[in-house]
Amino acid sequence: MTLRDRLLALLVVVIWGVNFVVIKFGLQGMPPFLLAGMRFLLVALPAIFFIPRPTIPWKWLLLYGMTMSFAQFAFLFVAIKVGMPAGLASLVLQAQVFFTLLLGVVLMGEKLRVNHFVGIAIASGGMLVLMQASLHKPGSGAVPLAGLLLTLAAAFSWALGNLTNKKILAGFPQRNILSLVVWSAPIPVVPFLACSWLFDGPQAVLSSLSHVQVGTWLAVAYLAFAATLFGYSVWGSLLGRYETWRVAPLTLLVPLVGLFAAWLLLDEALSPAQFGGALLVLAGMAVNTFGLPRRRAAIAR
């Protein structure tokens, strides 16, 4: 991977890490489904009038919009709303790395290396420790099981979106990634608004829209322009030019940024047991990304 692409990936990592804190702020002034719907509405408008539609079949555009956009953020926003800490969500969501690798094997016939299996095993153990510590955290700091499971569902949806994106780029290599992001954005808007109308109620939706504060609009703008338009355009471009196993693990630093931002801005802190589980997850991601030390040395020799 070139230096330019590494720097772009690092910038996306920072944006996505802070993204979880922004979601937490946004949910203080708007229900989760409505917040997500407004996010993708702002992604689509007015950009859709200036960017040509990608020349791909509508079924692929629909699948991308429903996995990468609707399913992922429906699960994630509700998870944070029901009590999942923003910093912890940034870590658990990175299970998408391993879901992507495993789905790549099952659905696309990709092959895993030894370090991938070792990394998955270490991170899975860390995730179990993290879940156990989070569910039984003393006092009022316990994390609801629903929040953890919803965040894992969001990670699985992200992985499906990764493979959908790769499939699109493999079949249509001249694809403009920005056009894919923009034209897929309207797809989840109606499902999000329908879910908000159904689960939150018409009164809550209308009240939220008529009393939107400046901070909520700023959160929506960050989610739409920085995290979605810029972040997913760069991410999709990298995923199309490099192997899945090389690109997906680049989100290794996202939870570090997310945990630090949540500690700094939201005063969220991990218990010693949670911290140990988090370290195991990060260690598994590191092994997956950089390989095993002895194996690297052997390759170098």
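This structure is a prediction, so every number in the text was calculated from the model and none was measured.
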Q: Is the gap between the ring centers of F230 and F225 under 6.0 Å?
A: no
Q: Give a yes or no answer on whether the side chain of T216 reaches the backbone of V212 with a donor-acceptor pair at less than 3.5 Å.
A: no
Q: May I ask you to test the Y222-I15 pair for a side-chain heavy-atom distance under 4.5 Å?
A: yes
Q: In terms of relative ring orientation, are W16 and W158 parallel, tilted or perpendicular, with 30° and 60° separating the classes?
A: perpendicular
Q: Between atom CZ of F77 and atom CG of L150, what is the distance when rounded to the nearest 0.5 Å?
A: 13.5 Å
Q: Looking at every non-hydrogen atom in both residues, tell me the closest pair between V287 and G119 and how far apart they are.
A: CG1-N, 3.9 Å
Q: For the residue pair T151 and A79, what are the closest heavy atoms and their distance?
A: OG1-CB, 3.5 Å
Q: How close do L103 and A159 get, heavy atom to heavy atom, and via which atoms?
A: CD1-CB, 3.9 Å
Q: Would F73 and L76 count as a side-chain contact (heavy atoms from CB on, under 4.5 Å) if you check the C-alpha gap in whole Å, the side-chain angles of each, and the deciding distance to 0.1 Å?
A: CA-CA 5 Å; F73 292 104; L76 179 62; 4.2 Å; yes
Q: Taking C-beta and beyond as the side chain, do K111 and V105 meet within less than 4.5 Å on heavy atoms?
A: no
Q: Any luck finding a side-chain donor-acceptor pair between D267 and W263 under 3.5 Å?
A: no
Q: With a cut-off of 6.0 Å (strictly less than), are more than 12 heavy atoms of other residues, nucleotides or ligands near CZ of F156?
A: no
Q: Minimum heavy-atom separation for L91 and A278, please, with both atom names.
A: CD2-CB, 3.5 Å
Q: Please check if any side-chain donor atom of N165 sits under 3.5 Å from a side-chain acceptor atom of W235, or the reverse.
A: no
Q: Below 4.5 Å, heavy atoms only, C-beta onward: do S90 and V257 meet side chain to side chain?
A: no
Q: Donor-acceptor pair, S196 side chain versus F192 backbone, under 3.5 Å?
A: no
Q: Nearest heavy-atom pair of V189 and L41: which atoms, and what distance?
A: CG2-N, 3.6 Å
Q: Judged by atom type as modelled, is there a donor-acceptor pair below 3.5 Å linking the side chain of T228 to the main-chain atoms of L223?
A: yes
Q: Keeping the roles fixed (side chain from Q72, backbone from M68), state whether a donor-acceptor pair exists under 3.5 Å.
A: yes
Q: Specify the closest pair of heavy atoms between A221 and L42, including all atoms of both residues, with the distance to one decimal.
A: CA-CD2, 3.9 Å
Q: W183 vs W58 aromatic rings, parallel, tilted or perpendicular, using cut-offs 30° and 60°?
A: perpendicular
